[in-house]
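I have placed the structure first, in the form of structure tokens, so that the comments after it can refer back to it.
Naming: A, B, ... by sequence-line order, numbering from 1 per chain.
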Protein chains: 2
Amino acid sequence: MPTPRERVTIIDVAREAGVAISSASTALNGQPGVSESTRDRVRSVASALGYVPSARGRALSAKRAYSVGLVVERDFDILESDPFFGAFIGGIEEYIAPRGYVLALQITQDSTLTVDRHLALARSRRVDGVFLNEIKADDARVAELAELGFPAVGINPAVGDFPFPAVRQSGTEAIHELVRTLAELDHRRIAHVSGPPHYVHSLERISAWREAMEAVGLQAEDTVNGGFTSDGGRRAADVLMTGERRPTAVFCANDLSAIGFMNRAIELGFRVPEDVSVAGFDGINFGEHVRPTLSTVRTAPRHLGREAARLLLSAIDGDEAADSTIAPARLVLRDSVARLR
Amino acid sequence: MPTPRERVTIIDVAREAGVAISSASTALNGQPGVSESTRDRVRSVASALGYVPSARGRALSAKRAYSVGLVVERDFDILESDPFFGAFIGGIEEYIAPRGYVLALQITQDSTLTVDRHLALARSRRVDGVFLNEIKADDARVAELAELGFPAVGINPAVGDFPFPAVRQSGTEAIHELVRTLAELDHRRIAHVSGPPHYVHSLERISAWREAMEAVGLQAEDTVNGGFTSDGGRRAADVLMTGERRPTAVFCANDLSAIGFMNRAIELGFRVPEDVSVAGFDGINFGEHVRPTLSTVRTAPRHLGREAARLLLSAIDGDEAADSTIAPARLVLRDSVARLR
DNA sequence: GACCCGAACCGAAACGTTTCTGTTCTTTCG
DNA sequence: CGAAAGAACAGAAACGTTTCGGTTCGGGTC
């Protein structure tokens with residue numbers, strides 16, 4: 001192990017340049033109040049000494065951590081195949097990195113921990129703001145953070161009064177289009193494999209499916225919780241495909257469960273899409289790599305992340321930014337959906 | 001937007017409890033030098049006031065940021081389907097979270113930026129240590145960070161002198177076993193779809209394949225760079241399957257490229273595994289969801305992350321920890337590999 | 001009874017910035 | 001020529017902790 005060297009601080013720079021610390025700071029930060037000649041001198045001394053400001057000192061002084069927090073509640077093992085995660089973070093990074101912010105990422109396994117982590121990040125002022133993702137009905141984080149007056153931004157929160165700025169992408173239109181398309185392909189029994197019902201986005205997809213079914217004059221009856229996992233999708237296939245009222249088409253609340261459903265249905269001896277059409281939601285890349293390729297509703301997690309980061313940073317700056325609504329998710333038809341025969 | 005409230009600091013706690021700041025600190029941190037009665041009093045005052053120590057103040061004073069850095073160099077769009085990423089981070093979290101550390105995650109698009117980010121994190125002391133992942137031959141980060149004397153830990157660095165502690169999982173044995181298995185299944189032309197050759201782990205897989213081929217008396221000739229992406233795997237299929245010396249089995253350097261290869265081969269009219277056997281590397285969950293299910297070499301990214309975090313934190317504490325070697329990756333045979341016919 | 005020792009506690013420095021308030025000196029204008 | 005104004009810089013406080021060195025006080029030892 002190498003041994004750490006002495007850090008060079010702004011004090012060293014000031015001493016070496018023969019100015020006061022305050023002048024060195026002023027010069028380096030490009031603020032007025034110092035002559036061009038001294039500014040140049042300070043700058044060259046700083047770079048000669050290899051001076052890099054301490055994030056710690058700056059954070060304390062500026063009352064800013066220059067970082068934002070994201071807590072993902074996911075089983076460690078499921079995390080690997082999680083679709084939303086990577087692209088969403090990519091979008092966040094894209095926005096915050098050029099602005100000198102860093103993402104503090106935490107993973108938790110259960111939901112009480114999730115709340116605790118958010119509050120710990122906020123109260124200790126480790127971060128300047130947090131993302132509220134995968135919001136639940138009656139989410140404890142929301143009230144607590146609002147009470148703290150801590151900057152936050154919601155990703156697809158329920159409509160209604162939400163105390164923070166929010167970024168939304170609607171999937172409703174695409175779900176309607178999917179159901180309409182299936183109906184036009186002669187499907188009558190269209191089941192839904194839902195996500196865990198405590199999530200706001202699960203509920204929204206369920207009710208979008210319900211409304212869409214009614215809109216084409218079909219009965220929305222069969223829904224099974226697929227838990228957003230491929231195993232859940234497999235179990236749903238067991239239930240639905242061996243049950244009395246076997247569906248001819250299935251809309252799954254995410255791609256993972258759709259892939260699970262599809263594979264299990266095939267194992268059970270059904271052909272996709274000849275015997276049963278399957279569609280997912282999210283638009284993960286892997287949907288193109290399974291066979292048949294997966295029809296889906298493609299969302300834009302990266303864009304969502306970028307917008308969420310934009311809103312969060314402006315909330316941190318105390319700006320009143322309007323909610324952001326990005327273009328609705330789009331239906332992507334692939335081989336897993338076909339006319340009923 | 002809610003308005004922030006006044007923060008309660010240790011000064012408030014001390015005043016309210018009628019002790020000096022230093023005593024309050026001592027009491028709260030459970031250190032000796034304060035009577036049990038005052039300790040209790042300070043503690044109850046602190047909790048009554050809702051005191052939470054400021055991470056910023058503590059960081060400055062303790063010369064510790066209590067965070068570690070991970071920079072992932074990945075295209076924003078590829079990130080989504082990245083296998084290693086999620087599980088590795090899960091492993092890191094698992095170790096650092098209970099110890100009060102937070103992960104600072106950055107994503108970059110190109111490799112000069114990657115180096116810059118590492119150095120910026122280190123020099124500004126935003127983090128206390130960094131993970132060196134996906135190390136390249138002659139990786140610029142290594143020398144620079146070593147020069148700084150900054151704590152770091154290498155994930156599967158090249159053997160030889162590496163200035164930091166390292167955690168390793170070997171895939172060599174499993175690659176040997178794979179090639180041996182393929183040879184026993186009568187395959188003679190076993191090609192390799194490699195990763196980008198500037199990565200240490202690409203090179204290691206290439207030479208493991210080479211050695212394994214020689215060990216069973218076969219010629220290691222055909223290798224195509226699949227770039228660790230599914231598109232790269234598809235292009236490799238185009239090259240190999242339509243070329244003169246068509247292989248009967250292919251070992252791909254990761255599962256993503258293996259899936260791409262497999263799908264493209266099928267598109268080209270070949271049957272897997274009847275016409276060509278395919279195996280990947282990594283052991284991502286999706287390998288079980290494609291058809292035929294993918295044979296692979298299963299690594300343990302979560303375990304790797306956990307061990308890397310352990311080494312990094314002990315390096316930060318100045319402890320001299322021995323390198324960590326976790327159990328070798330294991331061959332997992334699934335439907336994509338079969339006897340040549 | 002003088003002395004010492006340790007427990008309990010306090011004050012202040014230190015961590016490395018930024019920023020506010022002064023101070024000095026030059027310049028300009030009446 | 002004197003006063004006012006402004007530019008350039010300096011000093012110190014503030015951010016919120018931890019820790020080091022000191023002080024006080026009570027009790028035990030000889």
Pick base, sugar-phosphate or nothing for A:Val52, based on heavy-atom distances below 4.0 Å to the nucleic acid.
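If one applies the 4.0 Å heavy-atom cut-off, A:Val52 turns out to touch the sugar-phosphate alone, with no base involved.
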Under 4.0 Å, counting only non-hydrogen atoms across every strand here, what does B:Arg56 touch: a base, just sugar-phosphate, or nothing?
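Nothing: the residue B:Arg56, judged by heavy atoms under 4.0 Å, touches no strand.
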For each nucleotide in nucleotides 19-24 of chain D, reading 5' to 3', give B when a protein heavy atom comes within less than 4.0 Å of its base, S when such contact involves only the sugar-phosphate, and - otherwise.
B-----
Nearest whole angstrom, please: distance from the [atom2] of [N] to the [atom1] of [X].
X        : N      : atom1 : atom2 : value
B:Arg58  : D:dC15 : CZ    : C1'   : 16 Å
B:Lys63  : D:dT18 : NZ    : P     : 15 Å
B:Arg15  : D:dG16 : CZ    : P     : 12 Å
B:Arg125 : C:dT17 : CZ    : C1'   : 16 Å
A:Arg64  : C:dT17 : CZ    : P     : 18 Å
B:Arg7   : D:dG16 : CZ    : P     : 7 Å
B:Ile10  : C:dG11 : CD1   : C1'   : 14 Å
A:Tyr66  : C:dG16 : OH    : P     : 18 Å

Classify the side-chain pair A:Ser35/A:Thr38 by whether it contains a donor and acceptor separated by less than 3.5 Å.
yes
A:Tyr101 and A:Arg64 side chains, donor-acceptor separation under 3.5 Å:
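The answer is yes; a qualifying pair exists.
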Taking only the side-chain nitrogens and oxygens of [X], find out if one of them lies under 4.0 Å from OP1 or OP2 of [N].
X       : N      : answer
B:Tyr51 : D:dT17 : yes
A:Thr38 : D:dA8  : no
B:Ser54 : D:dC15 : no

Side chain of B:Thr9, heavy atoms from C-beta onward: which of C:dT17, C:dC10, D:dT17 has the nearest atom to it?
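Among C:dT17, C:dC10, D:dT17, the one nearest the side chain of B:Thr9 is D:dT17.
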Do other residues, nucleotides or ligands put more than 12 heavy atoms under 6.0 Å from B:Asp138 CG?
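For B:Asp138, atom CG is not crowded (no more than 12 foreign heavy atoms under 6.0 Å).
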Using the C1' atoms of five pairs at each end, what's the angle between the two axes of the helix from C:dG1-D:dC30 to C:dG30-D:dC1, to 10 degrees?
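For the helix from C:dG1-D:dC30 to C:dG30-D:dC1, the axes at opposite ends meet at about 60°.
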